[in-house]
2 protein chains.
Amino acid sequence: MSDRRTEILRAATRVITRRGVRGLRVGELAAEAGVSTSLIYYHFTDRAGILRQTLEFISDRADRYTAERDPGTPADSPRAELEQVLLLELQDTAEVRENSTAWGELRASAVFDPDLREELARATHTWVHEIAELLGRAHPAGTAPAHAASAERLTALLEGLSVRWLSGSLPLDHARRLLRDAIAAELQRT
Amino acid sequence: MSDRRTEILRAATRVITRRGVRGLRVGELAAEAGVSTSLIYYHFTDRAGILRQTLEFISDRADRYTAERDPGTPADSPRAELEQVLLLELQDTAEVRENSTAWGELRASAVFDPDLREELARATHTWVHEIAELLGRAHPAGTAPAHAASAERLTALLEGLSVRWLSGSLPLDHARRLLRDAIAAELQRT
DNA sequence: GTCTATAACGCGATAGAC
DNA sequence: GTCTATCGCGTTATAGAC
């Protein structure tokens, strides 16, 4: 599925990484994709449609790269898997930067746009739940509510560290170290 | 110092709380402040000047309300003071909402605007340092580098929880509970 | 310092040909 | 499906009077 529409969605992802959700200009997107502005409207109706479908495209892609991690890896310990999944989001690759940036923008936009909140809360809940399950396997001694709380703290910390990294307040390796230590601490809770 | 310029800066803070940094319109700011648009330009030159000076105003004010807490309070334990200072940021009052919202916007905008990064990194560093000092008094057994790392984790977590609260993904009392537990855990580190 | 009036422009969106 | 050309509005910014 690498048609024109998909090409435009990929271009939109790059523009959002560069300018933000609220900084995306239809004209700039057209130039980035190498098409006319009216073709954008033909495929996406209006600016809101561009954003909706691009954010959907990005979150599908994020699900995929979370699901597809370690295809043939010899299934390390659950703890290593947990570290791997969380630290995956703190890497300086184009794909991770794009996803983290777009995710942060979605979060920041939802503060002012109630329409985005429901979908955002749903995606957050899914993510927290997935981390809580990994915590359950890595730390069977703990209770389910304790794992849920740990997962909320770790994912919220990760979002906080991620935006500090992207906004230039925290070097990437330092952010990774802080997150690793926080994971270790959550696993040592009684 | 409650002149026209300061009134406009206060109005700008309210508009940013309502619309976001990138949603601020000079005309709306003028209406909010009860002045003409051209007076805005007289005082701040251009839109970028409005934003720069407003964000400076906000970070100064945040410093001040952190510094001025408990004027005559009977200096509880350092631990209680630490909790108080951090939990202060998770309250549903107009002032805290304004500061948290504007601070989150500053952070999110800096991802796309390198001009904001220096001031932001400076303010972040000041804040982390202040929390690290409180941790030192609340937990004298720990080392200075450990306190610095704890302060970075706690403040990054607080930012993460704050934006989840403001974006409707996390109820306020739940966010407060998660933060309190994280503070307790940082104080129990060996 | 502050206002009214307006210029200049960027940007979302559409018309219509191919 | 894709393009060129353009409209119309909202917004930034300025001119000039008081």
Side-chain angles (χ1 to χ4, degrees), chain A residues 1-58 102 105-106 108-116, chain B residues 1-58 102 105-106 108-116:
Chain A
M1 212 253 276
S2 186
D3 54 6
R4 259 306 209 263
R5 187 179 160 277
T6 310
E7 278 170 33
I8 295 172
L9 287 173
R10 271 198 284 265
T13 306
R14 292 193 300 274
V15 174
I16 287 175
T17 302
R18 202 161 55 225
R19 308 283 184 209
V21 165
R22 288 165 285 185
L24 179 142
R25 297 290 164 254
V26 182
E28 184 178 358
L29 169 56
E32 175 80 25
V35 302
S36 67
T37 60
S38 55
L39 187 63
I40 309 277
Y41 287 98
Y42 172 79
H43 283 297
F44 302 95
T45 307
D46 58 11
R47 191 178 176 281
I50 299 169
L51 294 182
R52 217 191 57 250
Q53 296 187 47
T54 304
L55 294 172
E56 193 180 335
F57 174 76
I58 290 167
E105 271 288 283
L106 178 53
S109 301
V111 174
F112 308 101
D113 183 356
D115 289 356
L116 297 173
Chain B
M1 212 255 275
S2 188
D3 54 6
R4 258 308 207 260
R5 187 178 161 278
T6 310
E7 278 171 32
I8 297 172
L9 287 173
R10 270 198 284 266
T13 306
R14 292 193 299 274
V15 174
I16 288 175
T17 303
R18 204 161 54 225
R19 307 283 184 209
V21 165
R22 284 164 285 187
L24 178 143
R25 298 287 164 257
V26 182
E28 185 177 358
L29 169 55
E32 176 79 26
V35 302
S36 67
T37 60
S38 54
L39 186 63
I40 310 277
Y41 285 98
Y42 173 78
H43 283 298
F44 302 96
T45 306
D46 59 11
R47 192 176 176 282
I50 300 168
L51 294 181
R52 218 191 55 251
Q53 297 187 48
T54 303
L55 295 171
E56 193 181 333
F57 173 77
I58 289 164
E105 272 289 284
L106 175 54
S109 301
V111 174
F112 308 101
D113 183 355
D115 288 357
L116 297 173

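Every chain is numbered from 1, with letters handed out A, B, ... down the list of sequences. Because the structure is a prediction, the values reported are computed rather than measured.
Taking atom CZ on A/Arg47 and atom C1' on C/dG12, their separation rounds to 9 Å, with Å as the unit. Residue A/Ile40 contributes atom CD1, which lies 14 Å from atom P of C/dT14 at whole-angstrom precision.
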Base-contact (B) and sugar-phosphate-only (S) positions in nucleotides 4-10 of chain C, heavy-atom cut-off under 4.0 Å, - elsewhere: B------
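Residue contacts for B/Leu29: at a heavy-atom cut-off of 4.0 Å it reaches no nucleic acid atom on any strand shown. In this structure, B/Leu24 reaches the sugar-phosphate backbone alone: every heavy-atom distance under 4.0 Å involves primed, P, OP1 or OP2 atoms, never a base.
You'll find the side chain of B/Arg25 stays beyond 4.5 Å of the side chain of B/Leu29, heavy atoms only. Looking only at side-chain heavy atoms (C-beta outward), A/Arg22 and A/Phe112 come within less than 4.5 Å of each other. B/Thr6 has its side chain within reach of B/Arg10: a pair of non-hydrogen atoms, C-beta onward, lies under 4.5 Å apart. Considering only heavy atoms from C-beta on, B/Thr54 stays 4.5 Å or farther from B/Phe44 through its side chain. Within the 4.5 Å cutoff, no side-chain heavy atoms of A/Glu105 are placed close to those of A/Leu55.
Shortest non-hydrogen contact noted between A/Tyr41 and A/Arg47 is CE2-N, 4.4 Å. Across every non-hydrogen atom of A/Ala102 and A/Ile58, the tightest pair is CB-CD1, 3.5 Å.
Using a 4.0 Å cutoff to heavy atoms of chain B, the contacted part of DNA chain D runs 5' to 3' from D/dT11 to D/dA15.
Checked against salt bridge (Lys or Arg N to Asp or Glu O under 4.0 Å), A/Arg18 has the following partners two or more places apart in sequence or in another chain: A/Glu28, A/Glu32.
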